[in-house]
S.K.: 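Let me begin by handing over the structure; questions about it come next.
Please read these numbers as outputs of a predicted model, since none were measured by experiment. In what follows, every chain begins at residue 1, and chains take the letters A, B, ... in the order their sequences are listed. FYI, side chains are in, hydrogens and waters are out, and symmetry mates aren't considered; it's all heavy atoms of this structure.
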Protein chains: 2
Amino acid sequence: MPEKTGKPDEEQSAESRPRRLQARGQRRVAQLLEAAASVFCSTGYTAASTNAIAREAGVSPGTLYQFFPNKEAIAIELGDRLMHEMRETYGEALAPVDPATPLKEAVGAAVDRFVDFNCQHPVFFALMHGPDIPGRITEEHDALHATLVSRVEALLAGFLPDAPTADLTRTATVCVGMYKAGLELVLAHEGAEREAYVRELKNILFRYLEPLVGDRMAPSGARGDRDPAWGNTP
Amino acid sequence: MPEKTGKPDEEQSAESRPRRLQARGQRRVAQLLEAAASVFCSTGYTAASTNAIAREAGVSPGTLYQFFPNKEAIAIELGDRLMHEMRETYGEALAPVDPATPLKEAVGAAVDRFVDFNCQHPVFFALMHGPDIPGRITEEHDALHATLVSRVEALLAGFLPDAPTADLTRTATVCVGMYKAGLELVLAHEGAEREAYVRELKNILFRYLEPLVGDRMAPSGARGDRDPAWGNTP
DNA sequence: TCAGAATGCGAGCGACCACTCGCATTTGTC
DNA sequence: GACAAATGCGAGTGGTCGCTCGCATTCTGA
């Protein structure tokens with residue numbers, strides 16, 4: 001629809017933005033993305049209306065469509081920017097794990113990184129876990145998910161070279177699933193309680209993996225040195 | 001609503017169903033609920049259109065509204081029937097736990113019960129976890145969630161009488177959250193792989209709780225008798 | 001047998017939403 | 001200053017969806 005008459009000058013397919021964004025335009029785009037993040041966060045993707053996003057940004061619906069060809073493109077641009085910032089902040093390989101680090105610290109560091117990012121960008125969780133989101137976002141989410149799983153799988157393979165691949169994949173999938181569930185709990189609380197849930201998430205993952213990895217990675221000798229169970233302040 | 005609350009004089013507020021359902025009508029209701037379950041399962045609540053439900057049931061939209069006042073009522077009736085069947089199957093107190101049973105068996109039995117139910121009624125999960133569902137369903141879900149949390153909390157309190165209430169609540173919340181995430185993984189697989197995920201879910205919960213409960217409930221003596229790690233067939 | 005209730009239909013209504021169009025205003029560039 | 005491009009507006013358009021209405025058919029009970 002956005003393409004006009006069938007003239008042979010084929011620019012980029014269906015680009016609705018002007019060829020060059022002025023400073024004002026870039027400001028508008030940022031403004032609109034911020035508003036979209038807010039609306040997506042509070043109502044989810046499908047329930048968010050483009051008119052509501054425009055209103056939140058203080059512009060008219062027409063202005064919104066001056067910069068985005070459709071509603072999906074807003075979510076995609078938002079997702080792309082978040083993804084980019086994530087990779088930029090935490091390196092190209094998400095949460096690279098050195099096989100020499102003790103399991104406890106590896107888990108703790110990975111959890112801290114991702115929790116930090118999600119706490120600073122709550123819309124990321126909303127976009128990646130909404131059950132209604134459109135195609136492109138789902139692709140990005142699936143890609144991220146696969147990356148996470150295969151990375152955890154690789155870490156586990158270093159500890160368990162003899163384990164069947166199917167078991168490794170399953171364990172990695174479980175880890176990522178538990179991380180997501182824990183992240184939801186973390187984001188649902190604030191302050192000290194949030195920190196407590198972060199600790200519990202680390203406990204979950206560590207205790208799940210510890211018997212698989214074995215004593216090789218246990219920080220001290222006997223397994224009897226039980227964790228303080230409640231409220232071990234890091 | 002199958003049971004009519006005893007209102008003496010005034011007509012029930014906005015009751016669209018006929019006063020007495022004939023056999024045909026009861027069949028239609030069951031048919032419509034089954035169709036709704038199918039549509040809700042595949043598209044979620046909000047994306048499911050009443051016309052699609054009617055079409056799936058092989059009736060006209062008007063017929064659907066002969067038996068349900070609105071779309072929400074369909075989901076509510078479905079939720080009520082599932083809730084009722086759940087309580088009927090597993091007893092009024094959901095998964096009642098005898099404080100004398102070992103932790104491992106208690107966790108295993110509870111997980112098995114709920115997994116069985118959710119595998120037989122996949123729409124239950126869809127209804128209870130959709131982010132878009134209307135008020136009444138959310139209330140029911142919250143009630144079920146609170147029941148689960150408080151029940152786990154009570155179980156933990158039996159093992160840890162000295163622990164602060166906030167910690168008990170948090171641990172119970174984590175357990176329920178992990179159970180939900182595990183259930184999602186279980187439902188996403190089939191056959192042998194599904195059973196493997198069930199075992200992993202039990203492992204997750206057991207290993208998380210074991211260090212809290214302590215050796216008191218460990219089945220055998222030394223903690224060195226590690227689980228076979230992979231594929232312990234119960 | 002027959003009145004009235006229950007069941008069934010499907011076109012259509014109103015509301016909402018993603019998105020468009022014509023036109024006015026501002027900005028960059030020469 | 002002049003011109004084009006970029007920006008901005010908001011009523012309007014087409015489509016979907018929840019739901020209604022009038023009317024036809026089938027069943028129940030006396």
Side-chain angles (χ1 to χ4, degrees), chain A residues 1-5 9 11 14-33 35-36 39-40 43-77 132-136, chain B residues 2 4 11-12 14-33 35-36 39-40 43-77 132-137:
Chain A
M1 297 298 283
E3 56 186 359
K4 302 301 274 184
T5 63
D9 58 339
E11 293 273 307
E15 179 60 61
S16 79
R17 287 194 205 177
R19 316 229 183 268
R20 290 279 303 166
L21 280 183
Q22 300 180 351
R24 213 189 345 161
Q26 294 184 16
R27 250 183 284 125
R28 277 280 179 259
V29 168
Q31 208 173 107
L32 284 164
L33 287 177
V39 177
F40 287 160
T43 72
Y45 175 78
T46 27
S49 82
T50 54
N51 290 8
I53 296 175
R55 201 180 319 121
E56 174 82 15
V59 302
S60 84
T63 297
L64 186 152
Y65 283 93
Q66 188 79 18
F67 300 100
F68 298 97
N70 51 49
K71 181 179 171 182
E72 181 176 353
I74 305 173
I76 289 176
E77 178 70 24
D132 45 3
I133 36 193
R136 262 293 305 274
Chain B
K4 38 173 58 180
E11 313 212 330
Q12 305 152 6
E15 179 59 61
S16 76
R17 283 195 210 179
R19 313 222 184 271
R20 291 281 302 166
L21 279 184
Q22 301 179 351
R24 212 185 351 157
Q26 292 185 15
R27 250 182 285 126
R28 276 278 178 261
V29 169
Q31 209 173 103
L32 285 164
L33 287 177
V39 177
F40 287 159
T43 72
Y45 174 79
T46 26
S49 82
T50 55
N51 290 8
I53 295 174
R55 200 180 320 120
E56 174 83 15
V59 302
S60 83
T63 298
L64 186 153
Y65 282 92
Q66 189 78 18
F67 299 100
F68 297 98
N70 51 48
K71 181 179 171 183
E72 180 175 355
I74 305 174
I76 289 175
E77 178 69 26
D132 43 5
I133 35 193
R136 261 293 304 274
I137 299 287

S.K.: Is B:T63 near enough to C:dT7 that one of its side-chain N or O atoms lies under 4.0 angstrom from OP1 or OP2?
M.R.: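 For C:dT7, OP1/OP2 do not have a side-chain N/O of B:T63 under 4.0 Å.
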S.K.: So what does B:G25 touch, heavy atoms closer than 4.0 Å: a base, only the sugar-phosphate, or nothing?
M.R.: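 Counting heavy atoms under 4.0 Å across all strands, the contact made by B:G25 is with sugar-phosphate only.
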S.K.: Side chain of A:V59 only, please: which of D:dC9, C:dC19, D:dG18 is the nearest?
M.R.: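 So the side chain of A:V59 is nearest to D:dC9.
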S.K.: Between NZ of A:K71 and CG of A:N51, what distance do you get to the nearest 0.5 Å?
M.R.: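 Reported value, rounded in 0.5 Å steps: 10.5 Å.
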S.K.: Starting at CZ of B:F68 and ending at P of C:dT7, how long is that distance when rounded to a whole Å?
M.R.: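 The answer, rounded to whole Å, is 12 Å.
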S.K.: Specify the separation, in whole Å, of atom CZ of B:R20 and atom C1' of C:dG4.
M.R.: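 For the pair B:R20 CZ and C:dG4 C1', the rounded distance is 16 Å.
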S.K.: Starting the side chain at C-beta, find the nucleotide from D:dG18, D:dT7, C:dG8 nearest to A:P18.
M.R.: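 Shortest atom-to-atom distance from the side chain points to D:dT7.
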S.K.: Can you tell me which nucleotide in C:dC19, C:dC9, D:dC19 comes closest to the side chain of A:N51?
M.R.: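 Shortest atom-to-atom distance from the side chain points to C:dC19.
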S.K.: Answer whether the closest heavy-atom distance between the side chains of A:V59 and A:Q31 falls below 4.5 Å.
M.R.: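 Of all side-chain heavy-atom pairs linking A:Q31 with A:V59, at least one is under 4.5 Å.
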S.K.: Considering heavy-atom distances to DNA chain D, does A:S60 or B:Q22 have its closest nucleotide positioned more toward the 5' end?
M.R.: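 Result: A:S60.
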S.K.: Can you figure out which of C:dG8, C:dG28, C:dT20 approaches the side chain of B:R28 most closely?
M.R.: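 Taking heavy atoms from C-beta onward, the closest nucleotide is C:dG8.
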S.K.: Considering just the side-chain nitrogens and oxygens of B:S49, establish if one lies under 4.0 Å of OP1 or OP2 belonging to D:dC17.
M.R.: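 It does not, given that no N or O in the side chain of B:S49 lies less than 4.0 Å from OP1 or OP2 of D:dC17.
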S.K.: To the nearest angstrom, how far is A:R27 atom CZ from D:dA6 atom P?
M.R.: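 It works out to 17 Å between those atoms.
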S.K.: Please report the distance, rounded to the nearest Å, between OH in A:Y45 and C1' in C:dC17.
M.R.: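 Rounded to the whole Å, the gap is 12 Å.
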S.K.: When all nucleic acid strands are considered with a 4.0 Å heavy-atom cut-off, which category describes A:L21: base, sugar-phosphate, or nothing?
M.R.: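 Sugar-phosphate: the residue A:L21, judged by heavy atoms under 4.0 Å, touches backbone atoms but no base.
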S.K.: Once you round it to whole Å, what is the distance between P of D:dC21 and CG of B:L64?
M.R.: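 In whole Å, D:dC21 P lies 16 Å from B:L64 CG.
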S.K.: In whole Å, I'd like the distance from the NZ atom of A:K71 to the P atom of C:dC19.
M.R.: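 A:K71 atom NZ is separated from C:dC19 atom P by 8 Å.
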S.K.: Say you draw a straight line from CG of B:L32 to OG1 of B:T50; how long is it, rounded to the nearest 0.5 Å?
M.R.: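 If I round to the nearest 0.5 Å, the distance is 11.0 Å.
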S.K.: As an exercise, state the distance from CD of B:E72 to CZ of B:R136, rounded to the nearest 0.5 Å.
M.R.: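 The distance works out to 8.0 Å.
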S.K.: By the 4.0 Å heavy-atom rule, please label B:A48 as base, sugar-phosphate, or nothing.
M.R.: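 It contacts sugar-phosphate atoms only.
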S.K.: Any chance you could measure B:L33, atom CG, to B:I53, atom CD1, to the nearest 0.5 Å?
M.R.: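 Atom-to-atom, B:L33:CG and B:I53:CD1 are 9.5 Å apart.
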S.K.: How many whole angstroms separate atom CD of B:E72 from atom C1' of D:dC17?
M.R.: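 Value for this atom pair: 16 Å.
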S.K.: Take B:Q26 and A:A47, find for each the nucleotide of DNA chain C with the closest heavy atom, and name the residue whose nucleotide sits nearer the 5' end.
M.R.: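 This one resolves to B:Q26.
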S.K.: To the nearest Å, give me how far apart CZ (B:R24) and C1' (D:dT28) are.
M.R.: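 Atom-to-atom, B:R24 to D:dT28, this comes out as 10 Å.
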S.K.: Could you check which of C:dG8, C:dC19, D:dG10 has an atom nearest any side-chain atom of A:T50?
M.R.: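 The answer is C:dC19, which lies nearest to the side chain.
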S.K.: Can you see if the side chain of B:Y65 gets near the phosphate of D:dC19 - specifically, an N or O under 4.0 Å from OP1 or OP2?
M.R.: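 Indeed, a polar side-chain atom of B:Y65 lies that close.
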S.K.: Check A:R28, A:Q26, A:E77 against A:F67 for a side-chain contact (heavy atoms from CB on, under 4.5 Å) and give me the one that passes.
M.R.: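 For A:F67, the side-chain contact (heavy atoms from CB on, under 4.5 Å) test succeeds with only one of A:R28, A:Q26, A:E77, which is A:R28.
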